[in-house]
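Read through the structure below, which is laid out as structure tokens, and then see the notes.
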Amino acid sequence: MAARSLKPGVHAVGVLDWDKPLFDDLIPLPDGTSYNAYLIKGQDKVALLDTVDHAFCDELLANLAAAGTSKLDYVVSQHAEQDHSGSLPAVLARFPEAKVVTNQKCAELLKLHVHLPAEAVTLIKDGDTLDLGGRTLQFIFAPWVHWPETMFTHLREDKILFTCDFLGSHRATSDLFADDEAQAYLAAKRYYAEIMMPFRARLASYIQKIESLGVDMIAPSHGPVYRRPQFILDAHKDWIADKPKNHAVVAYVSMHGSTKIMADRLVDGLLDRGVGVTRINLPTMDLGQMAMALVDAATVVIGSSTVLAGPHPAAASAAYVANMLRPKARFATVIGSWGWGGKTVETLKGLLGNLKVEFLDPVEIKGLPTEPDLQAIDKLAATIQEKHAGL
Ligand SMILES: Cc1cc2nc3c(=O)[nH]c(=O)nc-3n(C[C@H](O)[C@H](O)[C@H](O)COP(=O)(O)O)c2cc1C
Ligand SMILES: [Fe+2]
Ligand SMILES: [Fe+2]
């Protein structure tokens with residue numbers, strides 16, 4: 001690892017986690033991730049913004065040494081989650097004079113998660129500033145992106161906004177800056193879909209606030225730094241917009257191929273009718289791809305064989321995750337094949353209770369689809385097209 005400069009006196013001292021396969025033991029990380037931490041040197045005081053996952057605390061300490069850190073006055077904690085707070089005890093052991101600067105809620109969570117003693121903390125309020133000598137940090141509370149205590153930090157003189165987990169991406173890359181915007185876009189969309197989408201309703205006000213600051217750089221806690229802030233703000237404005245796109249997600253599981261025939265017929269019917277589709281074969285899917293498709297889709301269709309009187313567990317799991325992520329979809333339904341009886345449709349419908357959707361008539365068939373069964377699927381495709389036209 002290395003300490004690299006964003007600007008003179010502002011160093012990226014975080015670490016790259018090239019190998020991490022899953023975030024939160026759930027989300028595949030095709031490109032690994034990074035835990036960003038930033039060292040900010042004023043004329044009088046030195047502050048470290050966040051730490052890194054506990055597994056990388058030695059690398060963080062080495063990076064601090066490489067950046068010439070002989071004393072540390074403050075460690076600002078923007079977020080108590082362990083990927084950013086895990087090395088806080090090690091940093092305080094190395095720099096016992098440092099004060100942890102954070103908000104009340106974060107202090108409570110740090111006490112729970114890393115056993116940070118209350119006496120190590122200096123509490124700040126929303127809008128408070130911290131003078132480093134020629135450099136001023138201003139704290140902007142931003143609860144629920146994605147925990148209750150999260151906050152941003154504005155380094156005013158340098159026009160850099162540190163946005164914590166918000167606007168980040170899971171990407172281990174040697175690029176300090178996200179100048180390749182096509183690559184940055186997809187990684188940021190995957191990250192938004194999985195982490196920020198459930199909080200979509202409150203993001204517009206944060207974006208507005210950030211725009212009003214007129215910063216030159218946005219430095220999140222994961223992934224590269226944006227030197228053109230409007231790029232990542234515009235991408236998020238599109239993702240959080242209320243109106244979904246003319247797009248359907250068809251996510252299915254089929255043990256013996258009948259539900260697959262239905263799913264394929266639906267995909268073709270939608271394509272024929274000009275509706276965009278993401279087709280997902282659930283047992284082998286990448287959860288990130290499903291989440292990304294849910295960012296824009298107007299319709300969610302879950303397809304499942306009936307197994308042991310209910311949906312296949314892969315379909316139940318997908319419905320559960322879609323429900324957690326609270327996408328902006330307006331319509332949902334279920335298709336599938338069964339043999340003698342069960343509660344597949346009711347169970348899947350029940351799992352999607354958070355979604356503010358109109359449930360379209362499901363298509364449940366027995367065994368291998370017949371021609372009338374496939375016509376029922378064509379009718380569903382036509383209904384979806386009509387519904388999307390009315391959006
Ligand atoms: C392990 C297993 C359990 C099943 N349990 C049920 C059931 O409880 N109720 C039912 O109606 N059909 C049940 N079936 C039958 C399937 O739902 C039926 O074969 C259906 O056509 C499979 O669709 P597929 O080809 O998309 O997998 C079961 C099939 C298997 C293999
Ligand atoms: Fe987090
Ligand atoms: Fe994080």
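Only heavy atoms go into these numbers, but all of them, side chains included; no hydrogens, no water, no symmetry mates. Atoms within each ligand, like the ligands themselves, are counted from 1 in listed order.
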(message) Hydrogens and angles aside, do T153 and Q138 bring a side-chain donor and acceptor to less than 3.5 Å of each other?
(response) no

(request) Taking the Fe ion (ligand 3) as the reference point, name the nearest N/O/S atom of D165. (result) OD1

(request) Please determine if A309 has a nitrogen or oxygen closer than 3.5 Å to a nitrogen or oxygen of ligand 1. (result) yes

(message) The test is side-chain contact (heavy atoms from CB on, under 4.5 Å); show your working for L380 and I335 and say whether it passes.
(response) CA-CA 10 Å; L380 174 59; I335 62 172; 3.7 Å; yes

(message) Could you identify the single nearest non-hydrogen protein atom to atom 25 (O) of ligand 1 and state the distance to 0.1 Å?
(response) S258 N, 2.8 Å

(request) Decide if the gap between the ring center of F162 and the ring center of H154 is smaller than 6.0 angstrom. (result) no

(request) Measure the shortest side-chain to side-chain distance between H247 and V275 over non-hydrogen atoms and say whether it is less than 4.5 angstrom. (result) no

(request) Evaluate the salt bridge (Lys or Arg N to Asp or Glu O under 4.0 Å) criterion for residues E386 and R273: first the C-alpha distance (whole Å), next the side-chain angles of each, then the deciding distance (0.1 Å), finally the verdict. (result) CA-CA 10 Å; E386 263 169 46; R273 290 168 176 80; over 6 Å; no

(message) For the Fe ion (ligand 2), give me the closest N/O/S atom belonging to E81, just the atom name.
(response) OE1

(message) Would V253 count as being in polar contact with ligand 1, using the rule that some N or O on each side must be under 3.5 angstrom apart?
(response) no

(message) When you measure from the side chain of K328 to the backbone of R200, do you find a donor-acceptor pair of N or O atoms at a distance under 3.5 Å?
(response) no

(message) Looking at Y320, I'd like to know if its OH atom is crowded, meaning that more than 12 non-hydrogen atoms belonging to other residues, nucleotides or ligands lie closer than 6.0 Å.
(response) no

(request) Kindly indicate whether a cation-pi arrangement holds for K125 with F139, taking the cut-offs as under 6.0 Å to the six-membered ring centre and within 45° of the axis. (result) no

(request) Quick one: look up the protein heavy atom nearest atom 22 (C) of ligand 1 and list residue, atom name and how far away it is. (result) S305 CB, 3.9 Å

(message) Within the 4.0 Å heavy-atom shell around L308, which atoms of ligand 1 are there?
(response) 3 (C), 4 (C), 5 (N), 6 (C), 7 (C), 8 (O)

(request) Would you check the N or O atoms of T259, main chain and side chain alike, for any that come under 3.5 Å of an N or O of ligand 1? (result) yes

(message) For the Fe ion (ligand 3), give me the closest N/O/S atom belonging to D83, just the atom name.
(response) OD2

(request) Specify the protein heavy atom at minimum distance from atom 17 (O) of ligand 1: its residue, its atom name, and the distance to 0.1 Å. (result) T306 O, 2.6 Å

(message) Do the side chains of K245 and D238 get close enough for a salt bridge, i.e. N-O under 4.0 angstrom?
(response) yes

(request) Among all protein heavy atoms, pick the one closest to atom 6 (C) of ligand 1 and tell me residue, atom and distance. (result) W340 CZ2, 3.4 Å

(request) Quick one: look up the protein heavy atom nearest atom 21 (O) of ligand 1 and list residue, atom name and how far away it is. (result) S337 OG, 2.6 Å

(message) Report whether any nitrogen, oxygen or sulfur of H84 sits less than 2.8 Å from the Fe ion (ligand 3) (N, O or S, backbone or side chain).
(response) yes

(request) Among all protein heavy atoms, pick out the one at the shortest distance from atom 12 (N) of ligand 1; state its residue, atom name and that distance to 0.1 Å. (result) G339 N, 3.2 Å

(request) Verify the distance test for H79 against the Fe ion (ligand 2): any N/O/S atom under 2.8 Å, yes or no. (result) yes

(message) What protein heavy atom lies closest to atom 9 (N) of ligand 1? Include the residue and the distance to one decimal.
(response) G341 O, 2.6 Å

(message) Counting only heavy atoms not in K111 (residues, nucleotides, ligands), do more than 12 fall under 6.0 Å from its NZ?
(response) no

(message) Below the 3.5 angstrom mark, is there an N/O of M255, backbone or side chain, next to an N/O of ligand 1?
(response) yes

(message) Tell me if the centroids of the rings in W147 and F199 come within less than 6.0 Å of each other.
(response) no

(request) For atom 2 (C) of ligand 1, grab the closest protein heavy atom and report residue, atom and distance to one decimal in Å. (result) V307 CG2, 3.8 Å

(message) Nearest 0.5 Å, please: how far is OG in S77 from CG in L116?
(response) 8.0 Å

(request) Using side chain to side chain donor-acceptor pair (under 3.5 Å) as the criterion, point out the one residue from R279, H312, K260 that pairs with Y252. (result) R279

(message) Under 4.0 Å from atom 19 (O) of ligand 1, is there at least one protein heavy atom?
(response) no

(request) Provide the number and element of each atom of ligand 1 under 4.0 Å from a heavy atom of G257. (result) 24 (P), 25 (O)

(message) From the N, O or S atoms in H146, identify the one nearest to the Fe ion (ligand 2).
(response) NE2

